[in-house]
Amino acid sequence: MRHTKIFSEWMKRAAALLLCLCMALSLAACGENRKVTREIYAMDTVMTLTAYGSNADAGLDAAESVIFAMEAMLDPELPTSTVYAINHADGSSVVVSAQIARMLTTAKTVYDQSGGALDPTVYPLVKRWGFVDQKYYKPSEAEIAEDLSRLCFDQMTLTSFPSSGSYSLTIPAYGQLSFGAVAKGSAAENAIDAMRQAGVQSGIISLGGNVQTLGLKPDGSLWKVAIQDPENPDGYVGVISVGETAVVTSGPYQRNFVIKGVVYHHIINPATGHPSGSSLRSVTIVCEDGTMADCLSTAMFVLGETKALNYWRQYGGFEMILITNDDRIVLTSGLLEDFTLSPDAGKYHVVYSE
Ligand code: ADP
Ligand code: MG
């Protein structure tokens with residue numbers, strides 16, 4: 001009798017223990033290691049959003065909403081967007097959101113420091129070359145001169161209304177701007193913030209090559225971000241290991257057209273009105289600030305290797321990978337231990353810059 005009682009007590013405890021163990025295991029399974037990935041199409045590009053943990057779905061919902069809201073706000077050709085309102089305001093002021101104000105101030109910093117290599121008011125030229133409606137066209141010098149006379153980023157006025165958190169923006173009536181060089185970086189940054197607010201602690205998003213991470217991988221290790229081979233969209237020249245940061249790449253291979261063997265690409269040098277004749281095949285920026293990373297990727301591409309490295313030495317706050325036309329991969333010194341050359345890197349060799 002007594003033995004049977006002891007045995008049944010023991011069975012109960014074993015069953016309870018087993019139940020606890022099962023619950024713990026299933027919590028872990030649907031807990032921190034649970035991975036959810038979603039692919040969306042926005043801002044003219046395929047975006048991949050990944051979040052880990054039990055809040056992953058809510059995090060991706062929030063990130064997706066932010067991206068679509070920013071797309072609707074920033075599309076210069078969408079009559080209901082803020083950017084459309086700015087470009088058709090005829091010199092009067094337009095109320096803009098805090099996100100737009102942040103993009104403008106970050107772009108203005110890079111504009112000032114790069115001597116105008118990044119200039120959102122280059123939009124009439126982007127349009128003229130056909131990069132907006134994909135009706136590619138090589139403009140005449142007179143047309144280019146006309147569009148160059150519309151550059152006016154140094155004449156914008158941004159006024160803050162601290163009580164409402166909004167801003168007003170005025171640009172000259174002849175000017176038009178776009179956030180083509182900044183929008184994806186800013187959207188990535190805001191999407192990551194939305195994921196964080198939804199309780200996600202680990203995630204990574206790629207908005208058409210603009211990568212931004214949240215925290216570390218669920219196992220506590222660093223993220224590995226591949227650096228695309230500019231001459232082979234399916235290959236990569238190396239991998240960098242990063243913590244929580246943005247990794248943004250600009251290069252002519254991303255959007256271009258060819259007339260009589262000459263490649264015309266989508267990054268315009270505001271000094272000439274032509275696609276930037278850079279010494280570079282691509283620029284990758286590693287910077288915690290995603291908006292800044294996107295501004296810098298475009299500006300450093302326009303500046304070319306020597307001026308880009310001088311900019312980095314003077315202002316800092318970011319690291320770079322420059323892939324040059326003569327097959328070098330130039331890394332700034334902060335990436336010394338973070339970059340691994342791909343076995344398929346072929347002709348490329350790595351050079352460090354101080
Ligand atoms: P991607 O859009 O491929 O990520 P970028 O961040 O370099 O590449 O942005 C390039 C886009 O920015 C162009 O498609 C165009 O809309 C716009 N743009 C082109 N040249 C400039 C420039 N010098 N300054 C600001 N915006 C530019
Ligand atoms: Mg950019």
Side-chain angles (χ1 to χ4, degrees), residues 42-47 70-71 74-77 83 87 103-104 106-134 136 144 147-148 150-154 156 171 175-189 205-212 228 230 233 246-257 264-278 280-287 289-304 307-308 311 318 320 322-323:
M43 297 180 170
D44 265 344
T45 190
V46 177
M47 305 184 168
M70 289 195 72
E71 179 183 43
L74 299 179
D75 183 347
E77 299 303 313
V83 172
N87 290 345
M103 281 191 271
L104 288 167
T106 308
K108 185 63 166 52
T109 302
V110 175
Y111 169 89
D112 288 337
Q113 293 176 345
S114 67
L118 174 84
D119 185 341
T121 66
V122 82
Y123 187 60
L125 280 152
V126 176
K127 221 169 159 170
R128 181 81 82 179
W129 283 88
F131 289 107
V132 176
D133 57 10
Q134 270 78 53
Y136 299 122
I144 288 176
D147 292 344
L148 282 175
R150 300 175 70 184
L151 295 179
C152 56
F153 201 48
D154 53 349
M156 74 158 179
I171 63 168
Q176 287 204 334
L177 58 76
S178 84
F179 291 103
V182 192
K184 277 181 271 160
S186 177
E189 179 181 298
I205 60 181
S206 170
L207 314 193
N210 282 30
V211 174
Q212 188 147 354
Q228 197 182 322
V247 182
V248 175
T249 300
S250 275
Y253 63 92
Q254 284 164 334
R255 223 164 273 235
N256 60 53
F257 62 95
Y264 299 95
H265 61 77
H266 71 138
I267 303 176
I268 307 291
N269 184 346
T272 64
H274 287 258
S276 174
S278 180
L280 302 171
R281 288 199 186 115
S282 76
V283 174
T284 299
I285 304 289
V286 183
C287 178
D289 178 334
T291 304
M292 179 56 99
D294 206 359
C295 288
L296 287 171
S297 71
T298 310
M300 296 306 109
F301 182 81
V302 171
L303 287 185
K307 286 184 181 168
Y311 185 107
F318 66 99
M320 281 194 293
L322 307 175
I323 303 187

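Everything numeric here is computed off the predicted structure, so don't read it as measured data. Positions are given from 1 along the sequence. Ligands are counted one by one from 1 in listed order, and the atoms in each one are counted from 1 as well.
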Worksheet item: Closest non-hydrogen protein atom to atom 9 (O) of ligand 1, residue and atom name please, with distance?
Response: Ala181 CA, 3.3 Å
Worksheet, complete the sentence: One finds that the ligand 1 atoms under 4.0 Å from a non-hydrogen atom of Pro270 are 23 (N)
Worksheet item: Donor-acceptor pair, Ser278 side chain versus Phe301 backbone, under 3.5 Å?
Response: yes
Fill in: Nearest heavy atoms of Asp147 and Leu125, plus distance in Å
CB-CG, 3.4 Å
Item to complete: Would you give the angle at the Mg ion (ligand 2) between Ala181 atom O and Thr298 atom OG1, to the nearest 10°?
Response: 100°
Worksheet item: Taking everything shown except Lys108 itself, do over 12 heavy atoms lie less than 6.0 Å from its NZ?
Response: yes
Response to the item:
The protein heavy atom nearest to atom 21 (C) of ligand 1 is Val122 CG1, 3.6 Å
Worksheet item: For Ala107, is the nearest heavy atom under 4.0 Å from an atom of ligand 1?
Response: no
Worksheet entry | ligand 1 versus Lys184: contacting region, heavy-atom distance under 4.0 Å | side chain
Worksheet item: Taking 2.8 Å as the cut-off, does an N/O/S atom of Ser250 lie below it from the Mg ion (ligand 2)?
Response: no
Item to complete: Please report the closest heavy-atom contact between Ile285 and Met320, naming both atoms and the distance.
Response: CD1-CG, 3.6 Å
Practice prompt. Within a distance under 4.0 Å of any heavy atom of Leu118, pick out the atoms of ligand 1 and give their elements.
Written response: 24 (N), 25 (C)
Discussion item. Does any N or O of ligand 1 fall below 3.5 Å from an N or O anywhere on Ala117, backbone included?
Written reply: yes
Discussion item. For Leu74 versus Met43, what's the shortest heavy-atom pair and its separation?
Written reply: CD1-CE, 4.4 Å
Worksheet item: Would you find a donor on one side and an acceptor on the other, under 3.5 Å apart, between the side chain of Ser114 and the backbone of Val110?
Response: yes
Discussion item. Using a 3.5 Å distance criterion without hydrogens, assess whether the side chain of Gln176 forms a donor-acceptor pair with backbone atoms of Tyr123.
Written reply: no
Worksheet item: Which one of Val132, Val126, Asp294, Asn269 has a non-hydrogen atom at the shortest distance from atom 18 (N) of ligand 1?
Response: Val126
Response to the item:
A student checking ligand 1 against Ser250 at a 4.0 Å heavy-atom cut-off should list atoms 5 (P), 6 (O), 7 (O), 8 (O)
Fill in: Test of ring centre spacing under 6.0 Å for Trp129 and His266
no
Worksheet item: Is the side chain of Ser186 donor-acceptor paired with the backbone N or O of Ala183 at a distance under 3.5 Å, no angle test?
Response: no
Fill in: Ligand-side contact atoms (ligand 1) for residue partner Thr298, heavy atom cut-off under 4.0 Å
5 (P), 6 (O), 7 (O), 9 (O)
Worksheet item: Rounded to 10°, how many degrees is the angle OG/Ser297-the Mg ion (ligand 2)-O/Asp294?
Response: 70°
Worksheet item: Would you call the rings of Tyr111 and Phe153 parallel, tilted or perpendicular if under 30° counts as parallel and over 60° as perpendicular?
Response: perpendicular
Worksheet entry | Minimum heavy-atom distance Pro270-Val302, with the two atoms named | CD-CG1, 4.3 Å
Practice prompt. May I ask you to check whether Leu296 brings an N, O or S atom to under 2.8 Å from the Mg ion (ligand 2)?
Written response: no
Worksheet item: Should you measure from each heavy atom of Gly180, which atoms of ligand 1 turn up under 4.0 Å away?
Response: 2 (O), 9 (O), 11 (C), 12 (O), 16 (O)
Fill in: Heavy-atom nearest option to atom 20 (N) of ligand 1, drawn from Ile285, Leu296, Ile268, Leu177
Ile268
Discussion item. Counting only heavy atoms closer than 4.0 Å, does ligand 1 sit against the backbone of Asp119, its side chain, both, or neither?
Written reply: backbone
Response to the item:
A student comparing Arg255, His265, Met43, His266 should find that the heavy atom closest to atom 14 (O) of ligand 1 comes from His266
